[in-house]
Colleague: 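My questions all concern the structure below.
In each ligand, atom 1 is the first atom listed, and ligand 1 is the first ligand listed.
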Amino acid sequence: MKIAELDGIRLHYREDGDPGGVPVVFGNSLGTDLRLWDQVLPLLPAGFRYIRYDKRGHGLSQCTKPPYPMGTLVRDAEMLIDHLERTGVIFVGLSIGGLIAQGLAAKRPELLRGIVLSNTGAKIGTREMWDERIAGVEAGGIEALADATMQRWFSETFRQTPPFLAWRNMLVRQPQDGYVGCSAAIAGTDFYTTTAAITLPALGIAGSEDGSTPPDLVRETVDLIAGSKFKLIRGAGHLPCVEKPEEYAAILSEFLHEVRG
Ligand SMILES: O=C(O)CC1=CCC(=O)O1
C-alpha cells in the first residue's frame, strides 16, 4: 500500500506496470475507489506505468470535512503527480475524475501528454440536483440513494449479475463526508470555457446506457477540444470499465499507443 503525504491530505495510491514507462494516472468516479480499474488494468499494454489513486474522502485516502471545492480535488491530483516526480502523464478520468482531468489540463498542461474524459461532462447536472442529492444523503445516508444510483451506474443486464452487488456495497460503504464533499465540488463546476481552451490530445468514452453522463454530454464535452476523439460503448452504463472491460481496454490501449507516439 502506498500513501502520499501531501500538503493537507494523505492520498492512497497504487502503481502497476513498467516503472520506467509512460505514466498513466486514473481518477475514479463519485462513490468508487481505485478498484474501479481492476478488470481493465491487466488488459492494458506493457511499457506504461499505471498509477491509480483514491481521491479525497474515498477508498483508503484521508476523508476531510466537506465541502470540497473542485480546485482542491484538482490540486490533490497535481500534488500527487508532483510527488511522484512525473510529467508527460496521460490522465484517465471517469465522471468526477474527468472533471479533475479537465481542471488539471487547464491548470498544469505541462504535466500532461493527453487526457481521457470517460463518462463525464464539462458540467455534470445542475446545482439544484446536487443540493437535493446532498440533502438526501444527509437525511438518510448513502443507502437512501443506492438503488437510484445503481440504475444510473449499470445497465439492466449487468444489474442481474452477482458482481453488481459488490459494486452496490462499494457505494454504500463509501464515507458520507467524502460523498457529500465531492458532490459539492461537482455542483460548483462548469468547465465549458476552460475546457474549450485545452489543446492536449483528448479521447471521450461514453456508455450507451449511462444515466448520469449520457453519450451526448460526453461528445459535446470532448468536441470542445480540437482534434479530440469519441468512442461509444454499447450496452454499458456509467462505469463501462466495469461492465465492458475488454472493449474499454481496447479503446484505451489504442489511445495510449497513439499519444505515446
Ligand atoms: O450519478 C452518479 O452517481 C454518478 C456520478 C456523477 C458524478 C460522478 O462522479 O459519478
Side-chain angles (χ1 to χ4, degrees), residues 26-37 52-59 61 66-70 72-74 76-77 91-104 115-138 140-155 158-159 164 167-191 195 204-218 220-221 233 236-243:
F26 291 86
N28 318 323
S29 59
L30 179 65
T32 67
D33 62 36
L34 54 70
R35 289 173 290 180
L36 185 65
W37 308 101
R52 297 181 272 168
Y53 78 102
D54 290 331
K55 68 188 161 300
R56 183 181 288 255
H58 285 67
S61 288
Y68 312 155
M70 181 55 68
T72 299
L73 299 177
V74 171
D76 290 347
F91 197 103
V92 182
L94 193 147
S95 204
I96 186 173
L99 288 171
I100 293 168
Q102 292 168 70
L104 191 60
I115 53 172
V116 177
L117 303 180
S118 180
N119 304 82
T120 192
K123 178 179 189 310
I124 302 177
T126 60
R127 179 172 285 282
E128 295 68 36
M129 185 201 103
W130 287 104
D131 285 349
E132 209 174 288
R133 203 185 291 190
I134 290 167
V137 172
E138 285 172 346
I142 293 184
E143 179 67 52
L145 36 97
D147 289 338
T149 302
M150 291 301 110
Q151 297 206 1
R152 294 191 300 271
W153 280 14
F154 297 116
S155 68
F158 188 82
R159 294 203 301 274
F164 163 71
W167 292 99
R168 192 182 190 286
N169 285 340
M170 185 183 282
L171 174 70
V172 297
R173 292 173 191 170
Q174 156 67 38
Q176 189 168 313
D177 276 356
Y179 191 94
V180 166
C182 286
S183 296
I186 300 168
T189 300
D190 178 339
F191 278 147
T195 295
I205 304 178
S208 63
E209 314 303 309
D210 188 340
S212 301
T213 52
D216 284 353
L217 174 64
V218 183
E220 180 182 86
T221 300
I233 300 182
H238 190 56
L239 308 179
C241 50
V242 171
E243 281 199 63

Colleague: State whether the side chain of R159 and the backbone N or O of F154 hold a donor-acceptor pair below 3.5 Å, judged by distance alone.
Modeller: yes
Colleague: With heavy atoms of I186 as the reference, note each atom of ligand 1 found under 4.0 Å away.
Modeller: 7 (C)
Colleague: Would you check whether I96 has a nitrogen or oxygen atom less than 3.5 angstrom from a nitrogen or oxygen atom of ligand 1?
Modeller: yes
Colleague: Pull out every atom of ligand 1 sitting under 4.0 Å from any heavy atom of L30, numbered as shown with elements.
Modeller: 8 (C), 9 (O), 10 (O)
Colleague: Can you list the residues that meet the side chain to side chain donor-acceptor pair (under 3.5 Å) rule with T213, with sequence neighbours excluded?
Modeller: D210, H238
Colleague: Going by salt bridge (charged side-chain N to carboxylate O under 4.0 Å, His left out), name the pairs with one or both residues in residues 172-183, residues two or more places apart or in two chains.
Modeller: K65-D177
Colleague: State whether the shortest distance between N or O atoms of R133 and N or O atoms of ligand 1 falls below 3.5 angstrom.
Modeller: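 Yes - when backbone and side-chain N and O of R133 are compared with those of ligand 1, one distance drops under 3.5 Å.
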Colleague: Looking at W130, is its backbone amide N or carbonyl O close enough to the side chain of S183 to form a donor-acceptor pair, meaning the two atoms are under 3.5 Å apart?
Modeller: no
Colleague: Quick one: does T120's side chain have a donor or acceptor within less than 3.5 Å of a partner on L117's backbone?
Modeller: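 Side chain of T120 to backbone of L117, a donor-acceptor pair under 3.5 Å: no, none is there.
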Colleague: At a 4.0 Å threshold, what atoms of ligand 1 neighbour a non-hydrogen atom of S212?
Modeller: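 So the answer, numbered in order with elements, is 1 (O), 2 (C), 4 (C).
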Colleague: Can you list the ligand 1 atoms lying under 4.0 Å from a non-hydrogen atom of S29?
Modeller: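 Those qualifying, in numeric order: 9 (O).
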Colleague: Nearest protein heavy atom to atom 6 (C) of ligand 1, by residue and atom, and its distance?
Modeller: S95 OG, 3.4 Å
Colleague: Looking only at heavy atoms, which two atoms of A185 and P69 are closest? And how far apart?
Modeller: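 That would be CB-C, 4.1 Å.
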